[in-house]
Q: 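Once you've had a glance at the structure underneath, I'll fire off some questions.
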Amino acid sequence: MQYIEFGKNKDRVSKIIIGLMRTAEMDPAEIAELINTGLEEGINYLDTADCYTNGKAEDKLGQTFAANPGLREKVFLQSKCGIRNEEFTWFDFSKEHILEAVDASLMRLKTDHLDCLLLHRPDALMEPEEIAEAFDILYAAGKVKNFGVSNQNPIMMDMIRKYVKYPIMTNQVQLSAAFTPSLNAGFNVNMENDHAIMRDGGLFEYCRLHDIVIQAWSPYQYGYFQGVFLGSDKYPKLNQVLNRMAEEKGVSAAAIALAWVLKYPGRTQAVTGTTKPARIRDAAKATEVTLTKKEWYEIYLSAGNELP
Ligand SMILES: NC(=O)c1ccc[n+]([C@@H]2O[C@H](COP(=O)([O-])OP(=O)(O)OC[C@H]3O[C@@H](n4cnc5c(N)ncnc54)[C@H](OP(=O)(O)O)[C@@H]3O)[C@@H](O)[C@H]2O)c1
C-alpha cells in the first residue's frame, strides 16, 4: 500500500479509501470483515456521509465500531454533511445545519470525533462566514480534526478559503477511466468541439496548485451512477485493454482501473465502493502497479475518448 501525509497532524493515510455508501443493508459483522480486510491490506481510510441511505450507513458503521472495540482507533474516519433528504433533496451549508449534522453523525457513528469532515455538494446559498463559524466551533470542541469539500469548483473553494482559517485538505470529486469531463476539457483547450467546454473551472489543476488532495469517487463507474464499466458490454475496448494490462501485471482489471485514477499527479486518493472483502484485496494491489504514461493514455482512449 502507498500512503500520503494528510491534514494538520500529517496522518499517514492510505491512497485507497474504503467508501461505505453501499453498506446500509450489511450486517455489522460483514462491515467489520470489509474494514479488517482493508486494514490487513494497509487501507486505513474510511469514507461515509450522513445522507447515505438517510443515516443508515453511518448507523451501521457505528454499530460495527461498538461491536469491535479498538476498530475505530485504527481508521481515519471521514464523513460529509450538507445534503438534506427531507421531502426532497436540497443543500444546506448553514452554520446551524453543519453543527446539527455533525452531532447527529457522531451519535450514529458512536465516536467523539471525525478525522475529516467534507461539505458534500455545493449550496448556492452558502455564507462562507457561517461555514467558518461552524468549523471554529467543531474544531475547538475536538469534534472535527480536518476539513474538506466535495464536488466544488475553484471559485467556490476560494470563497471558502477566504473566510475559513483551516486549510481545505481535500476535494472529493468523480473520476474514473470512463468519467473524465475535467480531463477532456484540458486536452481540448481552445478547440471548437464540445469536449473543450470547461465545466469545472480547472478544479484538478487548482487542487494541485493549492496542495489539496484529490479523492476520486466512483472509480469503476461511468456516467452519473449509470453503472460499472468493469465487465460491461458498453465498454468492450476499455475492458479488453484493462484485462490485457491486468494479465501482464498479474493483478485484476479493477486494480488497473484504480491505478489509472491514482496516476493523476499530486496526492491523489481513490474511493472504492465495493462491499466485497475479496475485491478490497484486489483493489489494494493498485498501488503496487506502475502504469506508464503511454498505458495511461491507452486506457483513456480505449474508453471512447479522442485526443486532438
Ligand atoms: N462525494 C460524493 O459526492 C460521492 C458520490 C458517490 C460516492 N462517493 C464515495 O465514493 C465511494 C465509491 O463510490 P461507488 O460505490 O460508486 O464506487 P465504485 O467503487 O466505482 O463502485 C462500486 C460498485 O462497483 C461494484 N464492483 C466493484 N468491483 C467490481 C467488479 N470487479 N466487477 C463488477 N462490479 C464491481 C461494486 O459491487 P460489489 O459491492 O458487489 O463489489 C459496487 O456496486 C462511495 O462509497 C462513497 O464513499 C462520494
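This structure is a prediction, so every number in the text was calculated from the model and none was measured. Ligands are counted one by one from 1 in listed order, and the atoms in each one are counted from 1 as well.
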Q: Taking the cut-offs as 6.0 angstrom to the six-membered ring centre and 45 degrees off its axis, would you call R12 and Y3 a cation-pi pair?
A: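 R12 over Y3 ring: yes.
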Q: Could you see which bit of R279 sits under 4.0 Å from ligand 1, with heavy atoms only: side chain, backbone, both or neither?
A: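 For R279, only side-chain atoms sit under 4.0 Å from ligand 1.
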Q: Would you call E295-K249 a salt bridge at under 4.0 Å N-O?
A: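 Salt bridge between E295 and K249, a charged N being under 4.0 Å from a carboxylate O: yes.
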Q: Nearest protein heavy-atom contact for atom 8 (N) of ligand 1: which residue, which atom, what distance?
A: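 Residue, atom and distance for the closest contact: Y52 OH, 3.3 Å.
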Q: Only one of N151, D47, D50 passes side-chain hydrogen bond (donor to acceptor under 3.5 Å, both in side chains) with K80; say which it is.
A: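 Checked N151, D47, D50 against K80; only one passes side-chain hydrogen bond (donor to acceptor under 3.5 Å, both in side chains): D47.
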Q: Check this for me - ligand 1, A254, N or O atoms closer than 3.5 angstrom, yes or no?
A: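 N/O-N/O distance under 3.5 Å: no.
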Q: Within the 4.0 Å heavy-atom shell around R22, which atoms of ligand 1 are there?
A: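 Selected atoms, number and element: 14 (P), 15 (O), 16 (O), 22 (C), 23 (C), 42 (C), 43 (O).
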Q: I'd like to check whether M21 has a polar contact with ligand 1, where a contact means an N/O of the residue lying under 3.5 Å from an N/O of the ligand.
A: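 Indeed, backbone or side chain, M21 has an N or O that close.
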Q: Tell me the protein heavy atom at minimum distance from atom 40 (O) of ligand 1, and give that distance in Å.
A: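 Of the protein heavy atoms, K276 NZ, 2.6 Å lies nearest.
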Q: Check whether NZ of the Lys or CZ of the Arg R208 lies under 6.0 Å from the centre of the six-membered ring of Y264 and within 45 degrees of that ring's axis.
A: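 Verdict for Y264: a cation-pi partner in R208.
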Q: Please list the nearest protein heavy atom to atom 20 (O) of ligand 1 with its residue and the distance rounded to 0.1 Å.
A: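 The closest one turns out to be Y220 N, 2.7 Å.
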Q: Could you tell me if the side chain of K56 sits less than 4.5 Å from the side chain of E25, heavy atoms only?
A: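 Yes, their side chains come closer than 4.5 Å.
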Q: What do we get for L20 next to ligand 1 when only non-hydrogen atoms under 4.0 Å count, side chain, backbone, both or neither?
A: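 Only the backbone of L20 comes within reach of ligand 1.
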Q: Under 4.0 Å from a heavy atom of D47: give me the atoms of ligand 1 that qualify, with their elements.
A: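 Counting from 1, the qualifying ligand atoms are 9 (C), 46 (C), 47 (O).
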Q: Quick one: which ligand 1 atoms are inside 4.0 Å of a heavy atom on P219?
A: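 With P219 as reference, the close atoms of ligand 1 come out as 17 (O), 18 (P), 19 (O), 20 (O).
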Q: When you check the side-chain N and O atoms of E58 and S79, is any donor under 3.5 Å from an acceptor?
A: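 Yes, a side-chain donor-acceptor pair sits under 3.5 Å.
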Q: Do Y206 and N153 have side-chain atoms, one donor and one acceptor, less than 3.5 Å apart?
A: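 No, because no side-chain N or O of Y206 sits under 3.5 Å from a partner of the opposite role on N153.
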Q: Checking D200 side chain against G202 main chain: does a donor-acceptor pair fall under 3.5 Å?
A: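 The answer is yes, because a donor-acceptor pair under 3.5 Å joins these two groups.
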Q: Under 3.5 Å between some N or O of ligand 1 and some N or O of F225?
A: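 So ligand 1 has no N or O lying under 3.5 Å from an N or O of F225.
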Q: Checking H113 against R72: is there a side-chain donor and acceptor pair closer than 3.5 Å?
A: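 Yes, because at least one side-chain N or O of R72 sits under 3.5 Å from a partner of the opposite role on H113.
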Q: Could an N or O of ligand 1 be found under 3.5 Å from any N or O of K80, whether backbone or side chain?
A: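 Min N/O separation from ligand 1 is not below 3.5 Å for K80.
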Q: Over 60° means perpendicular and under 30° means parallel, so tell me whether F6 and F76 are parallel, tilted or perpendicular.
A: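 Rings of F6 and F76: perpendicular, as their planes differ by over 60°.
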Q: What residue and heavy atom of the protein are closest to atom 48 (C) of ligand 1, and at what distance?
A: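 Scanning the protein heavy atoms, the shortest distance from atom 48 (C) of ligand 1 goes to Q172 OE1, 3.0 Å.
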Q: For atom 39 (O) of ligand 1, grab the closest protein heavy atom and report residue, atom and distance to one decimal in Å.
A: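 Its nearest protein heavy-atom neighbour is T275 OG1, 2.5 Å.
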Q: For a quick check under 3.5 Å, do Q78 and Q215 share a side-chain donor-acceptor pair by atom type?
A: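 Q215 and Q78 do have a side-chain donor-acceptor pair below 3.5 Å.
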Q: Please work out, at 4.0 Å between heavy atoms, whether the side chain, the backbone, both, or neither of V271 comes within that distance of ligand 1.
A: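 It is both backbone and side chain that touch ligand 1.
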Q: Any idea which protein heavy atom is nearest atom 21 (O) of ligand 1, and the distance to it?
A: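 Looking only at protein heavy atoms, the one closest to atom 21 (O) of ligand 1 is Q221 NE2, 2.9 Å.
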Q: Regarding atom 34 (N) of ligand 1: of the candidates T274, T272, V228, which has the closest heavy atom?
A: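 Of the listed residues, V228 has the closest heavy atom.
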Q: Quick one: which of E129, E100, E133, E127 gives a side-chain hydrogen bond (donor to acceptor under 3.5 Å, both in side chains) with K95?
A: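 Single side-chain hydrogen bond (donor to acceptor under 3.5 Å, both in side chains) partner of K95 among E129, E100, E133, E127: E133.
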Q: Does only the side chain of S218 get under 4.0 Å from ligand 1, or the backbone, or both, or neither? Count heavy atoms.
A: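 Both backbone and side chain of S218 come within 4.0 Å of ligand 1.
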Q: For atom 31 (N) of ligand 1, find the nearest protein heavy atom and state the residue, atom name and distance (0.1 Å precision).
A: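 Its nearest protein heavy-atom neighbour is L230 CD1, 3.6 Å.
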Q: We want to know whether W90 and E86 form a side-chain donor-acceptor pair, criterion being a heavy-atom distance below 3.5 angstrom.
A: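 On atom types as modelled, these side chains qualify, holding a pair under 3.5 Å.
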Q: Applying a strict 4.0 Å limit to heavy atoms, is H120 in contact with ligand 1?
A: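 Yes.
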Q: Any non-hydrogen atom of G231 lying under 4.0 Å from ligand 1?
A: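 Contact check G231 vs ligand 1: negative.
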Q: Is the shortest side-chain N to carboxylate O distance from K143 to D112 below 4.0 Å?
A: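 Result for this pair is no, no salt bridge flagged.
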Q: At what distance is the nearest protein heavy atom to atom 3 (O) of ligand 1, and which residue and atom is it?
A: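 Atom 3 (O) of ligand 1 sits closest to the protein heavy atom N151 ND2, 2.9 Å.
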Q: Is the closest N or O pair between R121 and ligand 1 shorter than 3.5 Å?
A: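 The answer is no, given that R121 and ligand 1 share no N or O pair closer than 3.5 Å.
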